[in-house]
Amino acid sequence: MKPAARTSPTILHVDLDAFFAAVEQRDRPELRGKPVIVGGGGPNDRGVVSAASYEARRFGVRSAMPLRTAGRLCPTGIFVPVDGAKYGRVSVQVMAILRRFTPKVEPVSIDEAFLDVAGTEALWGPSESVARAIKSAVHTEVGLTISVGVATTKLVAKVASDLRKPDGLVVVEPGTEAAFLAPLAIERLWGVGAASRRVLADYGVTTIGDLAALPTDVLSRRFGSQGAVLAERALGRDPSPVGDGEVAKSVSHEHTFDVDTAEWDVLERTLLALSEGVAGRLRAGGVKAGTVAVKIRDTEFVTVTRQRTLPAPTDLTEPIWRTAVALARPEVRGMTVRLLGVAATHLTDREQMSLFGEEGGRQRKAVEAADAIRERFGARAITRARLLRSGIAQPFERDPLHSPEARRIGQRRLDGDARPDRGRDT
Amino acid sequence: MKLSVMQENLARGLGVVSRAVSTRSTLPVLANVLLRTEDAGLKLTATNLEIGITSWVPGKIDTDGALTVPARLITDVVSGLPAGERVDLEVDGTTLFIKAGRYQTHLRGIDAEEFPVIPAAGDRPTTRVSQKLMRQALSEVAFAAATEEARPILTGVLTRFVGDRLTLAAADNYRIAVKSLPILDAVEETTLVVPARSYQELMRILGDTDDPVEIMLASSKSQVLFHVEGTELVSRLIDGQFPNYQQVLPGSHASRAVVDREDLLKAVRLSGLIASSAANVIRLRLGEDGSAGITIAAAADVGDAEGEVEAAIEGDAVTIAFNARYLTEALQNIDADQLALEFSGPLSPGVIKPMDDPDYVHVIMPVRTPS
């Protein structure tokens, strides 16, 4: 449903500043003011940076960077292991505060959320006042700072919250969205990854304003159906409403390879990691997937998606992986792959009962036990042997709405590609 | 090899055996049909190593011989020849010369020695069944087999001979169809699992006649052979234990509805249009004892639908949800005008029985929906 044009900016994007690192600094006063790097077992670990404090960022340390690189860039950095359970608890506290201000809260990941405060003016006053009240509540009750963007669309609010971090507040008045975006670098725009950026650079596009000035048919020719969407976004238009906790339409995980690969074993293992992540999120959400889709992007940036309906809905890794492998195998022949994605769609909370006992009854017991271990001891506590040292981010680290690529260049940005697919080809 | 056959006989024979031709095999000879003179006729054979089909074409033989030629090609060539024409076939080395009227062609083939050996029939049939009854039974059962290879045994149809009866059962993990029928010769208790795909092919071969199909178990017990006049189908068997289906067939019910099959199928299809946009789940609602209709409903993001079908209802009111596909397939394949639906609550198996056939039962597992 397309919301009516808004006359006041009622959409807020709330983003916790350097979340994991900030939580560690809050709990351990000796870390305050120091470069804190959260992730794995220290500078000799093969893992990646999950979060870096602002002090560490000054050294060039970024999320998703290999820990070794971080250690080299920031020799004085203090490495802290990831405590997923703790961050999860803090996140729940923050989301609860947000829900006091409006029922329309859409958590995007562990450390950010969209809010729609339309209709709360009588209680809280204009949106800017709500934003200030939220910032103050989070600071006094949880001891963390947040940055807030206020605008008429999710797209612009997201860009705005990122503009004056940390502890920022940016309000974009209705009607000024395009002008607000125009001078900003193109990579701040939702859905523009490194590859799109390179293509756009050929047209001399470096700012969002440059993109807005480009004729739509040029974009359509180069980007297909995404072209029109890009043109709209460049003007700050984004029809997506703030979801209020309804069941997601799909769950997807993607991985962009550090080095494009044609090795089937690597692809198969990556599909396993992605399927594992997707299945975990299905189980956490109490839903099963009726359909599995894979997305394959090659070096030339040509993207294909293939999907298949499962014989019965599932929330287990194996059937999702088997299907993903079957879908991907004929497509990747002779192809050098840049990105792989696995998506679960046609989600259902209904359960087809079985005649002779559930398929994979033992698998279910195993995953339930593994889920319980992860909940208690953190995401890294248990994994498949096949995924050890595979270099693929753990599901917990990976945020489906941010491409690993986006995190690599240190920018927290929504990646349009990772959103629930619309108009997927089969 | 040198012989003459009638065009229509050869075309029919090739049409029958080409169903068994392997379309994507790494073994080139499997894309071929074997021609061999035998018993004053021409024997045609094709196989994909799961099934083999043999057909005999009457003809006039000058010299014996054999050759394999590409099945698709010879089938197309022969069917393009004028009907009623005499077709002369002659093999020279690995080339088949075909001549009919003013048309002639040479097809290059592969030596007959390279063609796999298809097990021959034993001397005596193990038993015989009316072709018509067998065909009807298979059409009511075989579709329920699993198509996924996840549990290979369920891609087969349980084929169990006891005394003078044959029981066929096919199931995937969510539904099962069982049919029992008489056989003409009592046999000792024998249980086979025949691939459902083989039975799909057998159904094409069986006629609408009471003439029997002879069923023979190859001495190795790894193959089964079906013989009707002029045609033979050999199928491999699936190894393993078919699940004990009898324990999942409900013995009693709390609600029962008698309904017209066509009416119910139409209503299920209509609601299925809505259901298919989501998890393909439709709900059946039977009212209190004595009420006069079943409600068939579906709801999804795209909208919702509800239809009512006239029915005679006994027992408790119940609402039960099913995957529309399973219900549709059952209603399409059961050969009866009136059906009885029997339920024992929303989480117990649903049973469909034809009113005029006590020897058939179909069971579908429901879908648990959040209350």
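Lettering follows sequence order; numbering is per chain, from 1.
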**Asked** Between A/Gln352 and B/Met365, what is the shortest heavy-atom contact and its length?
**Response** NE2-O, 2.9 Å
**Prompt:** Would one find more than 12 heavy atoms of other residues, nucleotides or ligands at under 6.0 Å from atom CZ of A/Arg99?
**Reply:** yes
**Request:** Identify the two heavy atoms, one from B/Tyr245 and one from A/Phe356, that lie closest to each other, and give their separation to 0.1 Å.
**Result:** CA-CE2, 4.3 Å
**Complete:** Applying a strict 4.5 Å limit to non-hydrogen atoms, the region of B/Asp172 in contact with chain A is backbone
**Asked** Side chain, backbone, both or neither: which part of B/Leu154 has a heavy atom under 4.5 Å from chain A?
**Response** side chain
**Prompt:** Which residue out of B/Val367, B/Asn244, B/Ile176, B/Asn280 racks up the most heavy-atom pairs below 4.5 Å with chain A?
**Reply:** B/Val367
**Request:** List in chain and number order the residues that pass side-chain hydrogen bond (donor to acceptor under 3.5 Å, both in side chains) with B/Tyr360, two or more places apart in sequence or in another chain; answer none if no residue qualifies.
**Result:** B/His362
**Prompt:** Which atoms form the tightest heavy-atom contact between A/Leu355 and B/Val363, and what is the distance?
**Reply:** CD1-CG1, 4.3 Å
**Asked** Checking heavy atoms, do the side chain of B/Phe322, its backbone, both or neither come under 4.5 Å from chain A?
**Response** neither
**Asked** Has B/Gln332 got more than 12 heavy atoms of other residues, nucleotides or ligands less than 6.0 Å from its CD?
**Response** yes
**Prompt:** Non-hydrogen atoms of chain A under 4.5 Å away: do they reach the side chain of B/Pro366, the backbone, both or neither?
**Reply:** both
**Message:** Between B/Asn323, B/Val281, B/Ile364, B/Thr147, who has the most heavy-atom pairs with chain A when the cutoff is under 4.5 Å?
**Reply:** B/Val281
**Request:** Report the residues that fulfil side-chain hydrogen bond (donor to acceptor under 3.5 Å, both in side chains) with B/Asp239, sequence neighbours left out, ordered by chain and then residue number.
**Result:** none
**Message:** Would you say that more than 12 heavy atoms from the other residues, nucleotides or ligands in this model lie under 6.0 Å from the CZ of B/Arg197, or not?
**Reply:** no
**Prompt:** What part of B/Ala146 lies closer than 4.5 angstrom to a heavy atom of chain A: side chain, backbone, both or neither?
**Reply:** neither
**Fill in**
Given B/Gln247, B/Arg325, B/Arg368, the one with more heavy-atom pairs under 4.5 angstrom with chain A than any other is B/Arg368
